[in-house]
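Just so you know, ligand 1 is whichever comes first in the structure, and atom 1 is the first atom listed for that ligand. Please read all numbers here as calculations on a predicted model, not as lab measurements.
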Amino acid sequence: MSEELFEKVKIDENYVRVSKDELFNFIVRIFVKLGVPEEHARMVADNLVMADLHGIESHGVQRLKRYVDGIRKGGVNIKPNIRIVKEGSSYALIDGDEGLGQVVGTFAMRLAIEKAKKTGIGVVVVRNSNHYGIAGYYALMAAKENLIGISMTNSRPLVAPTWGIERLLGTNPIALAAPMEDGYFLLDMATSVVPSGKLEVYRRKGKNIPEGWAMDKNGKITTDPEDFFAGGALLPLGGFGELHGGHKGYGLSVMVDILSGLLSGGTWSKYVGNTAEKNSNVCHFFMAINIENFVPLDEFKRSITKMVNEIKSSKLHPQAQRIWIHGEKGFLTAKTRLRIGVPIYRKVFEEINRIAEELGVEKLEPIKQ
Ligand code: NDP
């Protein structure tokens, strides 16, 4: 396997490649045309492009239609008054005024970073926001400033609790990023076995999902993504394909709701709406930790790099080719895609270009082969 060109997902003839800059500018054009201030449009584009660059197809430009619908249906406030409701030297509570989640999230993480640099720690909780894309984007913002970054969000109810069948919990992701000597550690994961976006990817490709991801509305484990979309539920992480889903993912999901939804005075996943709805009240949690306040930065970077290297060079399972660390595959994929372009699934490519046509903006151009 060449580290020079690496894709963490299988790319076939059903994809077209576009350059990173073309994709970024395309997304900006769409949002600006919808009335979003350019600075805000760039924040959304940055988040979606990072997802596609890092091979997180479920949360890249595939989501564009949903955001566009959210704006068109009035569920998203395109010129929000993002307000600091309460603040201390190391914390803040923010009301996102129903703005685009990426805009509110970027504002909030910037504030957490500023506070961490001054006091050693910055905790910012947010209510009244919208879907903010990939959690890892915000955690990485802090790591790029030599801080440890943590980011979480609740989301609309799609996951059943262990032994339940009702959609109550969100897929509530958790991300943590930390700087290493060369690059970053980046754990970024849903607390369900998979996020719903992954089922959308399978549905679009006309493929069955693996057993253990979802149940139908009566609680029967299913491999047909349509059973999930017809009112079934996702399973919490760590269920090993059992009927009831994992109690650990279930607990982590509730933890995210406590830190983001309840601590912010917002709401928990059961009452969170989708982007197209008014008052969807998505809530986020951000934390930045200034490493220097605890140990010298150089020492930290040395020790995390040593730990990661020791893990990666440990004894390999006979059926495996190598041990990875969190974030590594995503960064390698990004490196490749910066060189040869970002693959966009053809049906997504067509869908977003239809949106461009409707709005009368310049279409997304593939890289000429
Ligand atoms: P994955 O299961 O794809 O990956 C989870 C983590 O594990 C990543 O950090 C990944 O890094 C790492 N990883 C994958 N394989 C290995 C391996 N073999 N060894 C070590 N580490 C590994 O993520 P999910 O599908 O759970 O989530 C995808 C995205 O969806 C996330 O960005 C999340 O924030 C987002 N999401 C957003 C929601 C929202 O409401 N806004 C809701 C739910 C999810 P790498 O990819 O680099 O390998």
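Using a 4.5 Å cut-off on side-chain heavy atoms (C-beta onward), Asn279 and Glu98 make contact. Contact annotation: the side chain of His54 never approaches that of Thr333 to less than 4.5 Å [non-hydrogen atoms, C-beta and beyond]. Between Leu259 and Met287, the closest side-chain pair of non-hydrogen atoms is not below 4.5 Å.
Counting heavy atoms under 4.0 Å from ligand 1, residue Ser155 touches it through the side chain alone. The proximity of Val282 to ligand 1, defined as any non-hydrogen pair under 4.0 Å, does not occur for either the backbone or the side chain. With a heavy-atom cut-off of 4.0 Å, His59 touches ligand 1 through its side chain alone.
Of the listed options Tyr137, Phe185, Trp324, Tyr138, Trp324 places a heavy atom closest to atom 17 (C) of ligand 1. If you check each of Thr171, Thr153, Ile323 against atom 43 (C) of ligand 1, the one with the closest non-hydrogen atom is Thr171.
When only interatomic distances are considered, the shortest N/O to N/O separation between Gly327 and ligand 1 falls below 3.5 Å. Between Gly133 and ligand 1, at least one N/O pair is under 3.5 Å apart. Residue Lys329 has at least one nitrogen or oxygen atom sitting less than 3.5 Å from a nitrogen or oxygen atom of ligand 1, judged on distance alone. Residue Asn154 places no N or O, backbone or side chain, under 3.5 Å from any N or O of ligand 1. Between Met189 and ligand 1, not a single N/O pair is under 3.5 Å apart.
Here is the list of ligand 1 atoms found below 4.0 Å of a heavy atom in Ile56: 28 (C), 29 (C), 32 (O). Short contacts between ligand 1 and Ala135, defined as distances under 4.0 Å to a heavy atom of the residue, involve ligand atoms 34 (O). Against a heavy-atom cut-off of under 4.0 Å, Lys8 is close to the following atoms of ligand 1: 45 (P), 46 (O).
Ligand 1 does not have Ala175 within reach: every non-hydrogen atom of the residue lies 4.0 Å or more from it. Remark: distances from the non-hydrogen atoms of Val194 to ligand 1 are all 4.0 Å or more. Distances shorter than 4.0 angstrom do not occur between any heavy atom of His54 and any atom of ligand 1.
Annotation: atom 26 (O) of ligand 1 to nearest protein heavy atom, Ala190 N, 2.9 Å. Scanning the protein heavy atoms around atom 34 (O) of ligand 1, the nearest turns out to be Asp188 OD1, 2.7 Å. Here the protein heavy atom with the shortest distance to atom 12 (C) of ligand 1 is His326 CD2, 3.6 Å. With hydrogens left out, the protein atom closest to atom 3 (O) of ligand 1 is Lys198 NZ, 3.5 Å, a heavy atom.
With rounding to the nearest 0.5 Å, the separation of CG in Asn154 from CD1 in Ile258 is 11.5 Å.
The neighbour count for Tyr250 OH, taken as heavy atoms of other residues, nucleotides or ligands under 6.0 Å away, does not exceed 12.
Under a cutoff of 6.0 Å and an axis angle of 45°, Lys205 and Tyr345 form a cation-pi pair. Taking the ring centre of Phe31 as origin, the terminal cationic atom of Arg42 falls outside the region bounded by 6.0 Å and 45° from the ring axis.
Within the 6.0 Å centre-distance limit, the rings of Trp213 and Tyr202 are counted as a close aromatic pair.
Ionic pairing of Arg156 and Glu277 is not present here: no N-O contact between side-chain nitrogen and carboxylate oxygen is shorter than 4.0 angstrom.
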